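Have a look at the structure below before the remarks.
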Amino acid sequence: MTTAEEFVVLLRRVRDRSGLSYRTIAKRAEVAGAVLPASTLATMLARQTLPRRELVTAVLTACEVPPAAVRQWIAVWERLAEGAAPEPEPAERPVQVPFQLPPAPPVLVGRDDELDRLAEGLAQPPGVWLLTGAGGVGKSALAVLAAHRAAGRHPGGCLYVDLRGASTDAAPSEPHDVLLGFLRALGVRTAPATVDEASALFRSTTADRAMLVVLDNAGSAAQVRPLLPSGPRSTTLVTSRRRLPDLDVTRRLPVEPLAASAGRDLLAHLCGPERVTVEAAAAGDIVRLCGGSPLALRIVGARAAGRQAPGTLGALAAHLGDHARHLDELEVGDLSVRAGLRVGYRSLPADTAATVFRLAAVPEWIELGAAACAAMLDAPQVAVERALDVLVDAHLVECPAPGRFRYHDSVRIFAREQASEVDPPAAQLAVRERLAAVMFSAAASAARTLFPHDPLPYTEIAGTAQRLIAPDATTAQAWQWLEQERVNIRMLAGQEYAAGRALPAIRDLGIAVAKYLDYAGHFVDQARLGQLAIAAAQRLGDQRGTAQALNTLAIAMLRHERRREGIELLDQALAIRRELGDRAGEAACLNNLGNAHRDNGDFEAALRCLERSLTLRKELSDRYKTGSTLDNIGIVLRRLGRFEEALDHHRAGLAITRELDDRLREALVLTNLAETEHQAGQQRQALWHAERALAISRELRHDRGCGLALRLLGDIHGSLGRTTQAQACHDEAAELLHEPAIGVEAPTAG
């Protein structure tokens, strides 16, 4: 060494390699009889002049440098001291207290819970809090406001930096540059040459301070680690679009989109509460279409604030609902949802993740499993799962349940834009066709498992190899799969029909899953798939398929008490069946017409239809359908007050159902039997059969079956004077049996 500056640098390295804080070194020196305050030590090692000899000895001894080496250090010190007098002990300087926080947001709607949790955490240093969430969800605003509120508990100062980990116009901040800025703000004039040295000096300088450090917009754990203070009185707030699973933190706080009520409050603040009240429906649509994103709502609010004409919110909602205009509407000034999404997309590895992000958005679906995504992309499932994990980590795809994934509407639209720019039309078409084929085939497999005795049309939809449902799936597993995928199936069918593809499969799909949808109480999906099946059959010129699809739609109409429309559809289907000489189809139509007339109060017409259906089914030796019709006749006889005859028919239908081991049907027949027993005054038998129906439905995860059995159990308990049990059953039944209105006009066969 030839200079005092080199001497101090090497002495600082000794301290850094020891891993000891200034406070620990000071305590060790005190035990050895030397007075070496931590603040004096930090100041000494931050300068470029030769320290006093006794301070050098105290530092080396505290860092456990061997005595022989200490003597060598002192010999060098003496040589250097001959040319320059040692620096006198510095006088205490006023400590610089930085306050770098940006201005606090004037309003932060819907974040009271998060602010309370942060306030509690920031009041108990040390710690590292990580706020994660999608771009535009309000992480930075939340962190800055929480930091302002906690600043009084951190007299050592508040440091802030935008790490630009998700920036459209600048490279991410380098940790070394950030540390030099922090050190300058703390009054340190030394500029360490490496990030490790700068990080060590930063930790040393803040060791005794009660500091609050906000690291906003972090791109990676590696970017954050050197910037973390380690003192016992310091707290750090980190925000990131990524989940940063490799960063050790005290607490992770996901920042979710705003709830609908909070979104309305924010919109009201931005454009005026009177306008939101006047155009309440449009305001609700805007909040929904913005997905609760504060950024998107700020943009729409800014647009609305500049347009005071009546109906402005309605026009904005309509534009947001148009996929071709959606992202264009979410831009104002330097605020842009598309730009934020582009940052996240460009940060993806140039491999499977980017491809999955683009192409998985092309087909219509709401929430999908990894196996279906892999089949859609014709890729190994393990690779697709890894890619989906990357997308979830980047908040480009949501994971609402283990193994299930979904896009927000704005993200899906952006992903489709990227697919249009990057992926050939043939590749996009192939993705749509593969997903539709594998989902339709899995639906056929599930329906066959649920209703093995029904001769459902599987030819067009069961031909594609699929790995979504095991060949030996249980009834409960098949039911659960359809519960998860029913909306996806309907959306895919609609997309394929609009493109004029897969018409035979769409025709058969609507029929194959109709019975499941009816049993489950999903009458909206039943109606829409019935409409698609009718339209597909008509475009194919298929009269038999048209009649089958008319039956599907008719049942959905009847379930929503649109009896006139349902009966008209069944009459059309019956005419086609008779024209084709289709006796099995005629029996099915008559069975459903009997139910329709029964619900319409025409019991005589109902009996005529059902008895004719029963005759046809017996002639056709269709034992399974015979059991169903017997049960339906029992319901009509109950309505007529002919209880003994009704019970005989229910029991006969139940015997056939049990003989054929159809447990789904058994639960419904037991409910019908129990209803008749209840009305006949046989409460003990009714209670037993209703409880058995509930047990089977629970086992099979059949919510509608549970709801029907619970509603009846409530009635039975009520008749027995058990008010509490009755109310509990009725309340649970109401939750399970809720279904929105169909809200569509019933088409007629052409």
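Keep in mind the model is a prediction, meaning the values are calculated, not measured.
Judged by distance alone, with hydrogens and angles left aside, the side-chain atoms of E485 form no donor-acceptor pair with the main-chain N or O of L482 at under 3.5 Å. H560 contributes no side-chain N or O that, together with a main-chain N or O of R562, makes up a donor-acceptor pair within less than 3.5 Å. In this structure a side-chain-to-backbone donor-acceptor pair under 3.5 Å is missing from S697 to L694. Using a distance-only test at 3.5 Å, with no hydrogens or angles considered, no donor-acceptor pair links the side chain of Q526 to the main chain of V513.
Taking every heavy atom of both residues into account, H689 and A674 meet most closely at CB-CB, 3.9 Å. Residue A505 comes nearest to I461 through the heavy atom pair O-CG2, 3.3 Å, listed as atom of the first residue, atom of the second, then distance. Minimum heavy-atom separation, L713 to C729: CB-SG, 4.1 Å.
Considering only heavy atoms from C-beta on, H597 comes within 4.5 Å of C609 through its side chain. Taking 4.5 Å as the limit, some side-chain heavy atom of L450 sits within range of a side-chain heavy atom of W479. Side-chain contact between R406 and I366 is absent, with no heavy atoms from C-beta onward closer than 4.5 Å. At a threshold of 4.5 Å between non-hydrogen side-chain atoms, the residues V392 and E398 do not count as touching. Residues I413 and V411 have side chains not in contact (no heavy-atom distance under 4.5 Å, counting atoms from C-beta outward).
The aromatic rings of Y519 and F451 stand perpendicular to each other, their planes meeting at an angle above 60°, with 30° marking the opposite boundary.
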CA sep, side-chain torsions, deciding dist, call: H323, D409, side-chain hydrogen bond (donor to acceptor under 3.5 Å, both in side chains):
CA-CA 9 Å; H323 285 193; D409 287 348; 5.7 Å; no
T615 vs R612, test: side-chain contact (heavy atoms from CB on, under 4.5 Å). Steps then yes/no.
CA-CA 5 Å; T615 299; R612 175 57 182 158; 4.1 Å; yes
R698 and E732: salt bridge (Lys or Arg N to Asp or Glu O under 4.0 Å), yes or no, with the steps?
CA-CA 13 Å; R698 288 199 192 282; E732 187 177 355; 3.3 Å; yes
I'd like to know whether E659 forms a salt bridge (Lys or Arg N to Asp or Glu O under 4.0 Å) with R623, so could you lay out the CA-CA distance, the side-chain angles of the two residues, the decisive distance to 0.1 Å, and finally the verdict.
CA-CA 10 Å; E659 172 191 329; R623 189 154 178 74; 3.0 Å; yes
For the pair R416 and E364, evaluate salt bridge (Lys or Arg N to Asp or Glu O under 4.0 Å) and give the outcome as yes or no after the intermediate values.
CA-CA 11 Å; R416 286 179 173 174; E364 292 283 359; 3.5 Å; yes
Output, in order, the C-alpha distance, side-chain angles, deciding distance and verdict of side-chain contact (heavy atoms from CB on, under 4.5 Å) for D661 and R663.
CA-CA 6 Å; D661 194 28; R663 303 193 72 231; 3.8 Å; yes
Candidate pair L553 and E565, rule side-chain contact (heavy atoms from CB on, under 4.5 Å), full reasoning
CA-CA 10 Å; L553 181 59; E565 297 161 275; over 6 Å; no
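Ionic pairing of E645 and R651 is not present here: no N-O contact between side-chain nitrogen and carboxylate oxygen is shorter than 4.0 angstrom. Ion pairing of R658 with E666 is present here, as a side-chain N (NZ or NE/NH1/NH2) and a carboxylate O approach within less than 4.0 Å. A salt bridge is absent between D518 and K515: the closest approach of a Lys/Arg side-chain nitrogen to an acidic carboxylate oxygen does not fall below 4.0 angstrom. The pair R563-E568 does not count as a salt bridge, with every side-chain nitrogen at least 4.0 angstrom from each carboxylate oxygen. Ion pairing between D631 and R665 holds under the 4.0 Å rule for side-chain N and carboxylate O.
For the pair R608 and F603, the cation-pi criterion (under 6.0 Å, within 45° of the ring axis) is not fulfilled. Geometrically, R412 engages W365 in a cation-pi contact defined by less than 6.0 Å to the ring centre and at most 45° from the axis.
In this model, no donor atom of one side chain and acceptor atom of the other lie less than 3.5 Å apart for Q480 and Q484. For R638 and T676, the side-chain atoms include at least one donor-acceptor pair closer than 3.5 Å. With 3.5 Å as the limit, one finds no donor-acceptor pair spanning the side chains of Q548 and N551. A donor and an acceptor atom, one from each side chain of R617 and T626, are nowhere located under 3.5 Å apart. Of the N and O atoms on the side chains of T629 and N591, at least one donor lies less than 3.5 Å from an acceptor on the other residue. If you check the side chains of E483 and Y516, you find a donor sitting under 3.5 Å from an acceptor. Looking at Q685 and H678, their side chains never bring a donor and an acceptor atom within 3.5 Å of each other. For N632 and H649, the side-chain atoms include no donor-acceptor pair closer than 3.5 Å.
Counting heavy atoms of neighbouring residues, nucleotides and ligands inside a 6.0 Å radius, atom CZ of R701 does not exceed 12 of them.
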